[in-house]
Enquirer: 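Pasting a structure here, questions to come.
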Amino acid sequence: MDLKDISLVCHDCKTTYVFTVDEQQAFQAKGLNHPPKRCPACRAARAARKPVQNKDKESLYAIAAPPANRQRYTVTCTECGKETQVPFEPRAGRPVYCGDCYHKTRVNK
C-alpha cells in the first residue's frame with residue numbers, strides 16, 4: 001500500500017498535525033488500524049496521566065514532580081524512625097511516615 005503524510009485535527013487541542021508515513025508504518029506494525037485521534041503532544045500528556053505499574057504490580061497514578069519552590073518539612077518517620085522530608089506541615093498527634101512506610105500502611109488497609 002502506498003502511504004503518504006496525512007493532516008489530521010487533534011481531538012483534544014483542535015490543532016492540525018501531520019501523521020507521517022513513518023508514524024503510519026509504526027502504527028501498522030503494532031496492529032493499529034485507525035489513525036490517532038490526538039496530536040503527539042496530547043498523546044504524551046495523556047500517557048503521563050495513565051496508571052503506571054510499580055514493582056509490586058499495584059496500579060499507581062503517575063505523580064508530577066512538585067514545584068521547585070514548594071516548602072519541604074524535615075520529619076522523623078513514626079514507623080521506622082528514619083528522617084525524611086514531606087511537602088506538608090505535620091500536625092501534632094498525627095503520624096508521619098517516610099515513603100516506604102507510607103506505602104506499607106496503604107497496602108495493609
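Note: hydrogens, waters and symmetry copies are ignored here, and every other heavy atom, side chains too, is used.
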Enquirer: Do you know the tightest heavy-atom contact between T20 and D5?
Expert: CA-OD1, 3.2 Å

Enquirer: Taking only Lys NZ, Arg NE, NH1 and NH2, and the carboxylate oxygens of Asp or Glu, determine whether D100 and K82 approach each other closer than 4.0 Å.
Expert: yes

Enquirer: Any side-chain heavy-atom pair from V96 and V86 closer than 4.5 angstrom?
Expert: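 They are in contact (side-chain heavy atoms under 4.5 Å apart), so the answer is yes.
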
Enquirer: Mark yes when over 12 heavy atoms from residues, nucleotides or ligands other than R43 sit less than 6.0 Å from its CZ; otherwise mark no.
Expert: yes

Enquirer: Let me confirm one number: the CD-CD distance from Q85 to Q71, rounded to the nearest 0.5 Å.
Expert: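 That separation rounds to 10.0 Å.
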
Enquirer: Looking at F27, I want to see if its CZ is surrounded by more than 12 non-hydrogen atoms of other residues, nucleotides or ligands under 6.0 Å.
Expert: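 Atom CZ in F27 is packed in, count exceeds 12.
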
Enquirer: Evaluate the criterion side chain to side chain contact (heavy atoms under 4.5 Å, CB included) for residue pair Q28 and L3; output intermediate values, then yes/no.
Expert: CA-CA 11 Å; Q28 286 179 352; L3 299 175; 3.9 Å; yes

Enquirer: Rounded to the nearest 0.5 Å, what separates atom NE2 in H11 from atom CZ in R46?
Expert: 9.5 Å

Enquirer: For P90 versus V75, what's the shortest heavy-atom pair and its separation?
Expert: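 Looking at all heavy atoms of both residues, the shortest contact is CG-CG1, 3.3 Å.
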
Enquirer: Near K14 NZ, under 6.0 Å, is it more than 12 heavy atoms from other residues, nucleotides or ligands?
Expert: yes

Enquirer: Report yes or no: do F19 and L32 belong to one cluster of Ile/Leu/Val/Met/Phe/Trp/Tyr joined by side chain heavy-atom distances under 4.5 Å?
Expert: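 In one cluster: yes.
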
Enquirer: How long is the straight-line distance from OG1 of T15 back to CZ of R38, given to the nearest 0.5 Å?
Expert: 12.5 Å

Enquirer: Looking only at heavy atoms, which two atoms of Y17 and C10 are closest? And how far apart?
Expert: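 Y17 and C10 have their closest heavy atoms at CE2-N, 3.7 Å.
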
Enquirer: Between C98 and T84, what is the shortest heavy-atom contact and its length?
Expert: CA-CG2, 3.9 Å

Enquirer: Carefully, step by step, assess E83 and T74 under the rule side chain to side chain contact (heavy atoms under 4.5 Å, CB included).
Expert: CA-CA 7 Å; E83 190 173 280; T74 302; 3.5 Å; yes

Enquirer: How close do P36 and L8 get, heavy atom to heavy atom, and via which atoms?
Expert: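 So the minimum-distance heavy-atom pair works out to O-CD1, 3.9 Å.
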
Enquirer: Which atom pair, heavy atoms only, marks the closest approach of K4 to Q24?
Expert: O-NE2, 2.7 Å

